[in-house]
Novice: 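Got a structure here, written out as structure tokens. Questions coming.
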Amino acid sequence: MTVTRIYLPLNASMLRSLDNDRVLAEVPILAYAVTEAVRAAASTAGQDEWEYTALSDAVRSSADLLTPGESRRIVAAADVSSEDVGPPAPENAIDESAVSISESVALNRIASFHVDGDEASEDDELLWYDVTELPAILALV
């Protein structure tokens, strides 16, 4: 099976649901990934730079998901079957890295979380957490 690294924008309630249910089940799921359009837009860049673009787009999308009282942007990085990755819905096609995931994403497919630190601004980088640190992240949000 070929896998694709995707970046899933989340908010606190979505993270709690992922912890409780062990899966993001409502499909299709908006995610971000290295797409042909990302590669074409920065043809001299490498894989790391393309993935940073996808992650950055997911971070911006996470900010749009924040509900009143929430301040931490959250992104989950996951590896899913490439067969489950398709073009985004037209309303989500704004970013070149936007994709649609056609199958649920189980917690065991998530490699890491990226979360705002204390009093982060929208220009700050997110902190990296291993998936095993989910309880610590839940305590933050």
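Keep in mind that what you see is a predicted model, and the values were worked out from it rather than measured.
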Novice: Considering all heavy atoms of both residues, which atom of E96 and which atom of T35 are nearest to each other, and what is their separation?
Specialist: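 The answer is O-OG1, 2.7 Å.
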Novice: By side chain to side chain donor-acceptor pair (under 3.5 Å), which residues pair with D130, not counting sequence neighbours?
Specialist: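 For D130 the side chain to side chain donor-acceptor pair (under 3.5 Å) partners, ignoring immediate neighbours, are T132.
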Novice: Which residues pass the side chain to side chain donor-acceptor pair (under 3.5 Å) test with S81, sequence neighbours left out?
Specialist: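 Partners of S81 by the side chain to side chain donor-acceptor pair (under 3.5 Å) criterion come out as none, since no residue qualifies.
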Novice: Is there a donor-acceptor pair closer than 3.5 Å between any side-chain N or O of E70 and the backbone N or O of T67?
Specialist: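 Side chain of E70 to backbone of T67: a pair is present.
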Novice: So does V141 get a backbone contact from the side chain of R16, meaning a donor-acceptor N/O pair under 3.5 Å?
Specialist: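 Yes: the side chain of R16 pairs with the backbone of V141.
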Novice: Suppose we screen for side-chain contact (heavy atoms from CB on, under 4.5 Å). Which residues come up paired with A42, at least two apart in sequence or across chains?
Specialist: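 So A42 forms a side-chain contact (heavy atoms from CB on, under 4.5 Å) with A45, W50.
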Novice: Who passes side-chain contact (heavy atoms from CB on, under 4.5 Å) against S13, sequence neighbours left out?
Specialist: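 If we apply the side-chain contact (heavy atoms from CB on, under 4.5 Å) test to S13, skipping adjacent residues, the hits are N11.
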Novice: For the side chain of S62 and the backbone of L10, is there at least one donor-acceptor N/O pair under 3.5 Å apart?
Specialist: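 Side chain of S62 to backbone of L10, a donor-acceptor pair under 3.5 Å: yes, one is there.
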Novice: Apply side-chain contact (heavy atoms from CB on, under 4.5 Å) to residues I110 and L134 and explain how you reach the verdict.
Specialist: CA-CA 11 Å; I110 294 177; L134 181 55; over 6 Å; no
Novice: What closest approach, in Å, do M14 and P9 show between heavy atoms, and which atom pair accounts for it?
Specialist: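 Of all heavy-atom pairs spanning M14 and P9, the closest is CE-O, 3.7 Å.
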Novice: Using atom types as modelled, flag every donor-acceptor pair under 3.5 Å from a side chain in residues 99-109 to any protein atom, sequence neighbours excluded.
Specialist:
residue, atom, partner, partner atom, Å
S102, OG, D84, O, 3.3
R109, NE, D79, O, 2.8
R109, NH2, D79, O, 2.9

Novice: Nearest 0.5 Å, please: how far is CG in L15 from CG in L8?
Specialist: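 Taking CG in L8 and CG in L15, the distance rounds to 11.5 Å.
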Novice: Hey, does the side chain of S112 reach the backbone of Y129 with a donor-acceptor pair shorter than 3.5 angstrom?
Specialist: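 Such a contact is absent between S112 side chain and Y129 backbone.
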Novice: Mind checking side chain to side chain donor-acceptor pair (under 3.5 Å) for D21 and listing every partner two or more places apart, or none if nothing turns up?
Specialist: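 Side chain to side chain donor-acceptor pair (under 3.5 Å) check on D21 returns nothing, list empty.
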Novice: As a quick check of understanding, evaluate side chain to side chain donor-acceptor pair (under 3.5 Å) for S97 and T53, giving each step before the final call.
Specialist: CA-CA 8 Å; S97 65; T53 296; over 6 Å; no
Novice: Can you confirm whether E26 is buried at CD, in the sense that more than 12 heavy atoms of other residues, nucleotides or ligands lie under 6.0 Å from that atom?
Specialist: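 At most 12 heavy atoms, drawn from other residues, nucleotides or ligands, come within 6.0 Å of this atom.
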Novice: Return the CD1 to CD1 distance between I6 and I29, rounded to the nearest 0.5 Å.
Specialist: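 Between I6 CD1 and I29 CD1, I get 7.0 Å after rounding to 0.5 Å.
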Novice: Can you give me the closest heavy-atom contact between R72 and D118, atom names plus distance?
Specialist: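 Where R72 meets D118 most closely, the heavy atoms are NH2-OD1, 2.6 Å.
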